[in-house]
Trainee: 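Below is one structure. I have some questions about it.
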Amino acid sequence: MLLRLPTSVSEAQECLAEGAVPVGGATLVWAAWQRDGFPELAMSLRELPEATALEPEALGAAVLLHRIDERVPEVLRRAAGSVGTGAVRRTATVGGNLVGSTLRCLLPAALVLDARATVLGPDRAYETDLAEVIAKRHLLLGLRWRTPIASGYRKEPAAAGGPPPLVVATAVHADGEGRPLLRVAVRDGYEVVGGSAPCEAGADEAVGALEGTDLGGLPSGARDVMREQVAGILDPLAGR
């Protein structure tokens, strides 16, 4: 297998045109390659500046999960820190987790940050939303967002080999008029649902409003965890 390491977007497009298979840490495909055979040509984005950003409002797709630190919001940092083992986090990438994985542990965090994705198409790099990235499995270059007022993340314990653990991600943003807006995303099983609600009046009113979104269709146990997490992020803000 020949591995190409493009250093520009145009070079990466050339690699794709030549049939290169995009890889990050290959944690999700290595076993299949050993079984079925390795591709002739692969491409890693680890030398591409657009894919290696690690900033307060940007994260590249080639960044290894173990490198995600205090430069990004808490919800994203904690989501990355909860993925697999230390060995996995030292190899797995942001793009692999969001696009290549069925668990998509970073997706709830990215959703509550209202993150926009930059992807590489056949003709150009362009910005799109996360729903399109997941549905069409685009080649992700990176994410951008606005810094939230506050954020939080909770991952419930789960038995090894069992269903995916419940995840609740939260973030508070200022809306267009400067009022606080709460965003919540929940992974229940393999599905991720989200919603938003004004939160000036406190946690109870915000949770009531969230019940009218897709989050209201969650099982009662998941909604209980969501309520606790919403209170955990809004109550400290009310005391400021």
Side-chain angles (χ1 to χ4, degrees), residues 1-55 57-69 71-72 76 79-111 113 115-145 164 187 190 192:
M1 180 178 73
L2 176 64
L3 178 65
R4 296 279 297 277
L5 298 170
T7 59
S8 68
V9 169
S10 59
E11 217 181 316
Q13 288 173 314
E14 290 174 7
C15 292
L16 286 180
E18 293 170 8
V21 176
V23 296
T27 56
L28 299 170
V29 295
W30 192 261
W33 285 351
Q34 288 181 311
R35 182 186 68 241
D36 303 328
F38 287 77
E40 291 184 9
L41 183 62
M43 173 182 69
S44 169
L45 301 179
R46 67 187 185 215
E47 300 296 332
L48 186 65
E50 291 86 346
T52 55
L54 180 50
E55 304 167 5
E57 295 189 341
L59 182 63
V63 173
L64 300 177
L65 299 185
H66 83 104
R67 293 189 58 233
I68 298 176
D69 56 22
R71 284 172 282 185
V72 305
L76 193 52
S82 75
V83 175
T85 63
V88 168
R89 293 190 294 273
R90 286 190 292 273
T91 308
T93 63
V94 171
N97 184 271
L98 282 171
V99 183
S101 170
T102 56
L103 292 177
R104 300 188 179 99
C105 299
L106 300 185
L107 181 58
L111 287 173
L113 290 176
R116 296 284 294 174
T118 301
V119 300
L120 183 61
D123 303 317
R124 62 187 175 91
Y126 64 94
E127 188 178 273
T128 187
D129 59 40
L130 289 166
E132 181 179 324
V133 174
I134 301 304
K136 297 184 178 181
R137 298 177 67 85
H138 287 309
L139 177 55
L140 181 67
L141 294 180
L143 303 174
R144 288 193 174 275
W145 59 85
R187 187 187 71 190
Y190 291 95
V192 177

Trainee: Between Val94 and Leu65, is there a side-chain heavy-atom distance shorter than 4.5 Å?
Mentor: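 Result yes, sub-4.5 Å side-chain heavy-atom pair found.
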Trainee: Could you tell me which non-hydrogen atom of Pro39 sits nearest to which non-hydrogen atom of Met1, and how far apart they are?
Mentor: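 Looks like O-CG, 3.1 Å.
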Trainee: Could you tell me the separation between the CZ atom of Arg104 and the CZ atom of Arg187, rounded to the nearest 0.5 Å?
Mentor: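 Atom-to-atom, Arg104:CZ and Arg187:CZ are 10.5 Å apart.
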Trainee: Could you tell me if the side chain of Tyr126 sits less than 4.5 Å from the side chain of Thr118, heavy atoms only?
Mentor: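 The answer is no; the side chains never approach within 4.5 Å.
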Trainee: Using residues 40-53 as the side-chain source, report each donor-acceptor pair under 3.5 Å to any protein atom, sequence neighbours left out, with the distance given to one decimal.
Mentor:
from  : atom 1 : to    : atom 2 : distance (Å)
Ser44 : OG     : Arg46 : N      : 3.3
Thr52 : OG1    : Leu48 : O      : 3.3
Thr52 : OG1    : Pro49 : O      : 3.3

Trainee: Specify the closest pair of heavy atoms between Val72 and Glu55, including all atoms of both residues, with the distance to one decimal.
Mentor: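 So the minimum-distance heavy-atom pair works out to CG1-O, 3.6 Å.
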Trainee: What pairs with Arg67 under side chain to side chain contact (heavy atoms under 4.5 Å, CB included), at least two apart in sequence or on another chain?
Mentor: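 Here the qualifying residues are Leu54, Val63, Leu64, Arg71.
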Trainee: Could you pull out the closest heavy-atom pair between Thr128 and Glu132, with the gap in Å?
Mentor: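 So the two residues come closest at OG1-OE1, 2.8 Å.
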Trainee: Looking only at non-hydrogen atoms, find the nearest pair between Cys105 and Asn97 and report the distance.
Mentor: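 Distance-wise, the nearest heavy atoms are N-OD1, 3.1 Å.
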Trainee: Grab the two heavy atoms, one from Ala61 and one from Thr93, that are nearest each other, plus how far apart they are.
Mentor: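 Looks like O-CB, 3.4 Å.
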Trainee: Just jot down the side chain to side chain contact (heavy atoms under 4.5 Å, CB included) partners of Ala109, sequence neighbours excluded, or say none.
Mentor: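 Listed in chain order: Val75, Leu76, Ala79.
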Trainee: Just how far is it from atom CG of Leu143 to atom CG of Leu113, taken to the nearest 0.5 Å?
Mentor: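 CG of Leu113 is found 9.0 Å from CG of Leu143.
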Trainee: May I ask you to decide if His66's main-chain N or O and Arg90's side chain share a donor-acceptor pair within less than 3.5 Å?
Mentor: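 No, because the side chain of Arg90 does not come within donor-acceptor range (under 3.5 Å) of the backbone of His66.
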Trainee: Please give me the minimum heavy-atom distance between Gln13 and Arg124, naming the atom from each residue.
Mentor: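 Between these two residues, the closest heavy atoms are NE2-N, 2.9 Å.
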Trainee: Applying the side chain to side chain contact (heavy atoms under 4.5 Å, CB included) test to Pro22, which of Leu120, Leu140, Leu16 qualifies?
Mentor: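 Answer after filtering Leu120, Leu140, Leu16: Leu16.
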Trainee: Do NZ/NE/NH1/NH2 and the carboxylate oxygens of Glu127 and Arg144 come within less than 4.0 Å?
Mentor: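 Salt bridge flag = no for Arg144 with Glu127.
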Trainee: Can you check whether Leu3 reaches Val23 side chain to side chain, under 4.5 Å on heavy atoms?
Mentor: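 Leu3 vs Val23: side chains touch.
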